[in-house]
Each structure stands twice: as structure tokens, then as C-alpha cells.
Protein chains: 2
Amino acid sequence: MATLNRPGTADGHACGIDTAMEVIGGRWKVLILWALREHPLRRFGELRRLLPGITEKVLASHLREMEADGVVRRVSYDEVPPRVEYSLTEDGIRLNDALEPLAAWGRDRSTGPRSRDEPA
Amino acid sequence: MATLNRPGTADGHACGIDTAMEVIGGRWKVLILWALREHPLRRFGELRRLLPGITEKVLASHLREMEADGVVRRVSYDEVPPRVEYSLTEDGIRLNDALEPLAAWGRDRSTGPRSRDEPA
DNA sequence: GTGCGTGGTTACCCCAAGGTGAGCGAGCAC
DNA sequence: GTGCTCGCTCACCTTGGGGTAACCACGCAC
């Protein structure tokens, strides 16, 4: 997706961070990752219920992209009504781990003292 | 900015990751962060030259948002021609540090063996 | 006077990500 | 038959982030 001229790629490529940003660069991607970590092996409908507000279209397209990116595994059973189960791959788990410091940073600034640099 | 109903905020709020994503959720933000880490205390024009492809408008608006988010410090001198210097705040430095595992993940998957989960 | 260089702002446009709502295909309950 | 479930797909529309380009004020060099 987004095969536009990657910024920072001019000088070779920035640092690998852009690669990661492409993978998690979707409104719901990190939340899907998080949901799949806390609730492994979920079905489509369960995932949708875990992410209030997401639409089927967006969930489906995000899951397909994440599958193509190798962070999500999709297993569909030939049943009726259809059953599909999603889980994290090893790479997805490692991505989730790599996201933790960022989450910690966000948590820290939400709860921590607000008197470091910003006046308000 | 973006006071839309945050996904994941329904259940309290996801994990702090969304906070971080809001701060770095701009096409060039992480690259600005990176540039400012490798070249501390840069002027507007220098920054623009460090980020080939970025436009003045986008650089200016991103810098303002990042200043409002408390990750970038802006110091302007009352001279002519005008001089403004940008640098990272403590929070910005910590954000950059928190980004490193993500960069490592991206670097690893770019260079590492491509035979873990994805077939190609 | 003209031009240059600085660090922006303003107005406008564009396109892709995301949202909306409908439909589908197969089997089962009734 | 009708309607329901499940996991999508399709067609359409809207939103806003980002891109384009012109302009500004100020001093200096010419």
C-alpha cells in the first residue's frame, strides 16, 4: 500500500521506523494488534465486537493488509456459516512487544506530571 | 486536535499507544524527530533541507503540533532575517527512545530472513 | 528602485483512507 | 417459503491531511 515516494527514503531510508509505520499506519491497526494479543484466536465477529466503532469493511481490509504484512494469521474453515479465525504471527507478537515502550510513553505522559516543558 | 471518538477509548482507553499515535501520527513527524535527534538545534531552513520533499506548510504545521504536544522546543530570536531554532524536549527525546524498538523491528524485517510466516 | 534570503501564512485543490449501507451465498430453524 | 447467521464484498460518499503556489515583512546588497 502507498507506494508513494517514501520520505526519508531519499538518503537510503530513514531508520526502519518508516517500515513499521507502514504496517501500523492505519486508524485501527494497533488496536487490532492489541485486541489480538489480549484475546488470541478470535473470529471476525468477535474482533468487531472487541473494537466498538469499526466497520466491517475497515476491519476486513485492515486484517487483509496485516495478513499480507505477515503480522496476522488467518485460518478459515470450510463450514456454513463460515468460520474464520485470526491470530498474531511471531512477527506480530514481536511488533506488539516493540510497541510497548511507545505505549509506556503515552501512558506516562497521560498520567505523569504535566510540568516538564508545556506550560498548561 | 482530532477530538473524534477515539477508538478503544470506549473501554476507558486502549493502552497509551493511541496517545503516542496521535503525537507521531503525521506523515513526517517521526522523520522530524529523527532529524532533530541526529542534528540537534536546527533552523527551519536546515530542517527543510534535511527532509527532502517536505513543504514549508507541512513542516511548519507539524512543528507547531509537535511543539503543542511538548516534544519539540521552539526558540525564535528577534533578528532580521528571522532566526528560529528547533530542538527536542526531554519528552521528545524519550519519545524517540521509545521509537527505537519499533525501528529495530522494521530494520529486522527488512534485512532478516523472510521465511517466518509469509510465503513469499 | 530591484532582488535575495529568512520563516512563515494564506488560499486553494486533490486524493486516498475511512465511513455508510446494501447485498450475497450457503445452510439451518421454523 | 421467510428469516437468521457469518464473513465478507461492492458501490458510493465524505473528510481532512497533505501538496501547490503565491504572498508577507524586514534588512541588506546592488
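Remember, predicted model here, so these are calculated numbers, not experimental data. A, B, ... follow the sequence lines: proteins, then strands. Residue 1 opens every chain.
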Open item on the list: Counting only side-chain heavy atoms from C-beta out, which of C:dT9, D:dT9, D:dC6 sits nearest to A:Arg64?
Closed with: D:dT9
Task: Divergence of helical axes at both termini of the helix from C:dG1-D:dC30 to C:dC30-D:dG1 - five pairs an end, 10° steps - done: 30°
Open item on the list: Without decimals, in angstroms, what is the distance between A:Leu59 CG and C:dG19 P?
Closed with: 11 Å
Open item on the list: From CZ of A:Arg42 over to P of D:dC8, roughly how many Å is that when rounded to an integer?
Closed with: 16 Å
Open item on the list: For a quick test of reading the model, state the closest non-hydrogen atom pair linking B:Gly70 to B:Asp91 and the distance between them.
Closed with: O-CB, 3.5 Å
Open item on the list: Applying a 4.0 Å non-hydrogen cut-off, can you work out what A:Arg48 is touching in the nucleic acid: base, sugar-phosphate, or nothing?
Closed with: nothing
TODO: Give, for atom CG of B:Leu33 and atom NE2 of B:His62, the distance between the pair rounded to the nearest 0.5 Å.
DONE: 12.0 Å
Open item on the list: From CG of A:Asp78 over to P of D:dC8, roughly how many Å is that when rounded to an integer?
Closed with: 12 Å
TODO: Using a 4.5 Å cut-off on heavy atoms from C-beta on, say whether the side chain of A:Val30 contacts that of A:Leu99.
DONE: yes
Open item on the list: OP1 or OP2 of C:dA17 versus the side-chain N and O atoms of B:Arg27: is any pair under 4.0 Å?
Closed with: no
TODO: May I have all residue pairs that pass salt bridge (charged side-chain N to carboxylate O under 4.0 Å, His left out) and include part of residues 48-63 of chain A, sequence neighbours excluded?
DONE: A:Arg48-A:Glu56
Open item on the list: If I take atom CZ in residue A:Arg49 and atom P in nucleotide D:dT5, what distance separates them, rounded to the nearest angstrom?
Closed with: 10 Å
- [ ] Sugar-phosphate means primed atoms, P, OP1 and OP2; the rest is base. With that split, encode nucleotides 20-30 of chain D 5' to 3' as B, S or - using protein heavy atoms under 4.0 Å.
- [x] B------S---
Task: Euclidean distance, atom CG of residue B:Leu51 to atom C1' of D:dG18 [Å, nearest integer] - done: 15 Å
TODO: Kindly write out the residues that satisfy salt bridge (Lys or Arg N to Asp or Glu O under 4.0 Å) with B:Glu100, not counting sequence neighbours, or none if the list is empty.
DONE: B:Arg37
Open item on the list: Side chain of B:Phe44 only, heavy atoms from C-beta on: which candidate in D:dT9, C:dT9, C:dG7 is closest?
Closed with: C:dG7
Open item on the list: Less than 4.0 angstrom between a side-chain N/O of A:His62 and OP1 or OP2 of C:dG18, yes or no?
Closed with: yes
May I have the list of side-chain donor-acceptor pairs in residues 81-88 of chain B shorter than 3.5 Å, sequence neighbours left out?
{"from": "B:Arg83", "atom 1": "NE", "to": "B:Glu79", "atom 2": "OE1", "distance (Å)": "3.2"}
{"from": "B:Arg83", "atom 1": "NH1", "to": "B:Glu85", "atom 2": "OE2", "distance (Å)": "3.1"}
{"from": "B:Arg83", "atom 1": "NH2", "to": "B:Glu79", "atom 2": "OE2", "distance (Å)": "3.1"}
{"from": "B:Glu85", "atom 1": "OE1", "to": "B:Tyr77", "atom 2": "OH", "distance (Å)": "3.1"}
{"from": "B:Tyr86", "atom 1": "OH", "to": "B:Arg74", "atom 2": "NH1", "distance (Å)": "3.4"}

Task: Nearest-0.5 Å distance that lies between atom CZ in B:Arg27 and atom CD1 in B:Ile32 - done: 11.5 Å
TODO: Could you check B:Leu95 against A:Leu102 for side chain to side chain contact (heavy atoms under 4.5 Å, CB included), going step by step and ending with a plain yes or no?
DONE: CA-CA 7 Å; B:Leu95 174 57; A:Leu102 211 53; 3.7 Å; yes
TODO: Give B:Tyr86 one of three labels, base, sugar-phosphate or nothing, depending on what nucleic acid heavy atoms sit under 4.0 Å from its own.
DONE: sugar-phosphate
Open item on the list: Is there a side-chain contact between A:Arg74 and the phosphate of D:dC8, meaning an N or O under 4.0 Å from OP1 or OP2?
Closed with: yes
Task: Test log, rule side chain to side chain contact (heavy atoms under 4.5 Å, CB included), inputs A:Lys29 and A:Val23 - done: CA-CA 8 Å; A:Lys29 295 239 179 117; A:Val23 175; 5.9 Å; no
Task: Interatomic distance, A:Glu22 CD vs C:dA16 C1' [rounded to whole Å] - done: 15 Å
Open item on the list: Rounding to an integer number of Å, can you tell me how far A:Leu63 CG sits from D:dC6 P?
Closed with: 17 Å
- [ ] Verify the contact: side-chain N or O of B:Arg83 to OP1 or OP2 of C:dG5, cut-off strictly under 4.0 Å; return yes or no.
- [x] no
- [ ] Under the salt bridge (charged side-chain N to carboxylate O under 4.0 Å, His left out) rule, what do B:Asp97 and B:Arg94 come out as? Steps first, then yes or no, please.
- [x] CA-CA 5 Å; B:Asp97 291 341; B:Arg94 291 191 303 117; over 6 Å; no
Open item on the list: Does a side-chain N or O of A:Arg43 approach OP1 or OP2 of D:dG7 to a distance below 4.0 Å, or not?
Closed with: yes
TODO: Give the rounded distance in Å between these two atoms: CD of A:Glu65 and P of C:dA17.
DONE: 8 Å
